[in-house]
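Written below as structure tokens is the structure these notes are about.
Note that the numbering runs from 1 along the sequence shown for the chain. FYI, side chains are in, hydrogens and waters are out, and symmetry mates aren't considered; it's all heavy atoms of this structure.
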Amino acid sequence: MRQNRFFVLVTVISLVFLLLPVNYLYGGENENIKGWINQLSDRRERATAKNMLIKAKEAATAELINVLEDEHAKSSVKVDIIQIFEINKTAEAIPVLKELTNSPKRRLRLASIKALGAMENKDLADIFKKAIKDSYGEARLEAMSALMKLKDKSAVSNFIEALPDRYASIRMKALDALALFKDKSAIPALIKRLNDTNTSIVLKTIDILSNFKDKIVVEALIKRLDTGNKPIKIRTIEALAKIKDKSALPYLEPLLNDEYIGVRRAAKDAVNAING
């Protein structure tokens, strides 16, 4: 008899909890979430609070978005929240993150672009295309990385526009992106990069151009043979060998007697490859 009463009591309690509003059940947790958000301002508590908010996932989303929309909230706290959304790939935060890509504060723009990039959502491509022109170099870099993840061929023109960027890291990222698509429309801009002051940029450019069997490319590479930079000269010879255009032979054959053994070997391999 006692067992039956106990069973009935447990059943009743279970039904009561099922019928209670969700907000009531998680009222305590909501208070915890607010507390953790407040702790983001405390250097000693920040890491623990951030980790707890990451684990809370969707339960914390609404409160975190409220803080992002609060113009009086500290930028450092907002950056932490954006990073939480980045880790959890919180789709509900996309609208507010899109707004923050226009923030006058570059830290917020950068963090928001990174978070949106983590979503890997093709509908966000236009946001990243716009951010490629951001005044902050790190933001431009993140925008290109995001577009590369999307493999959006419509962004080729944006990557081409980024090729003359003043920062070598961004020029290199643009080259990495263009290497994915091998689009002929990039050839004129790539040829200009053959005269870049950064050797690594030039080498990468040569590698990309070697994918195009185009007379304009061959002519540009032939002109680049006239350099004292051995790595560039050797890479150019290798590119011409890959393209296998016989018009390059008169310029490669004299290099069979070059003073540098590496150049001579590359020239020999190129001549053999072109002659077939």
Can you list, pair by pair, the side-chain donor-acceptor contacts under 3.5 Å of residues 221-229, counting residues two or more places apart and other chains?
| residue | atom | partner | partner atom | Å |
| --- | --- | --- | --- | --- |
| Arg224 | NE | Leu194 | O | 2.6 |
| Arg224 | NH2 | Leu194 | O | 3.4 |
| Thr227 | OG1 | Asn229 | N | 3.0 |
| Asn229 | OD1 | Ile232 | N | 3.2 |
| Asn229 | ND2 | Thr199 | OG1 | 3.3 |

Going by heavy atoms in the side chains, are [X] and [Y] under 4.5 Å from each other?
X	Y	value
Val202	Ile206	yes
Ile234	Tyr260	no
Val67	Glu63	no
Lys173	Met148	yes

- [ ] Provide the full list of salt bridge (charged side-chain N to carboxylate O under 4.0 Å, His left out) pairs with a residue in residues 77-102, sequence neighbours left out, each pair given once.
- [x] Arg46-Asp80, Lys50-Asp80
- [ ] Hey, could you give me each pair passing salt bridge (charged side-chain N to carboxylate O under 4.0 Å, His left out) that has a residue in residues 174-190? Not counting sequence neighbours.
- [x] Asp176-Lys204
Task: Leu110 reachable from Val96 in the ILVMFWY side-chain graph, under 4.5 Å edges - done: no
Partner set under side-chain hydrogen bond (donor to acceptor under 3.5 Å, both in side chains) for [X], not counting sequence neighbours:
X	value
Lys233	none
Thr48	none
Lys149	none
Lys130	Asn102

Open item on the list: Test of understanding: with salt bridge (charged side-chain N to carboxylate O under 4.0 Å, His left out), list the residues that count as partners of Asp207, not counting sequence neighbours.
Closed with: Arg235
Task: Those residues that, when tested against Lys151, pass salt bridge (charged side-chain N to carboxylate O under 4.0 Å, His left out) (two or more places apart) - done: none
TODO: Test Arg107 against Ser76 for side chain to side chain contact (heavy atoms under 4.5 Å, CB included), laying out the working first.
DONE: CA-CA 9 Å; Arg107 289 177 61 201; Ser76 59; 4.1 Å; yes
Task: Working for side chain to side chain contact (heavy atoms under 4.5 Å, CB included), residues Phe159 and Leu147 - done: CA-CA 9 Å; Phe159 295 130; Leu147 282 170; 3.7 Å; yes
Open item on the list: Could you go through Ser135 and Arg109, starting from their C-alpha distance and side-chain angles, then the distance that decides it, and tell me whether this counts as side chain to side chain contact (heavy atoms under 4.5 Å, CB included)?
Closed with: CA-CA 10 Å; Ser135 61; Arg109 296 201 306 274; 3.5 Å; yes
Open item on the list: Once side-chain hydrogen bond (donor to acceptor under 3.5 Å, both in side chains) is applied, what residue pairs with a partner in residues 154-170 remain, sequence neighbours excluded?
Closed with: Lys129-Ser154, Arg140-Asp165, Asp152-Ser154
I'd like a table of donor-acceptor pairs (distance under 3.5 Å, sequence neighbours excluded) in which one partner is a side-chain atom from residues 115-125, with atom names and distances.
| residue | atom | partner | partner atom | Å |
| --- | --- | --- | --- | --- |
| Asn121 | OD1 | Asp123 | N | 2.8 |

Residues 269-276 side chain polar contacts: donor-acceptor under 3.5 Å, at least two apart:
| residue | atom | partner | partner atom | Å |
| --- | --- | --- | --- | --- |
| Asn272 | ND2 | Lys268 | O | 3.2 |
| Asn275 | ND2 | Val271 | O | 3.2 |

Task: Residues Asp245 and Lys215 bridged, charged N to O under 4.0 Å - done: yes
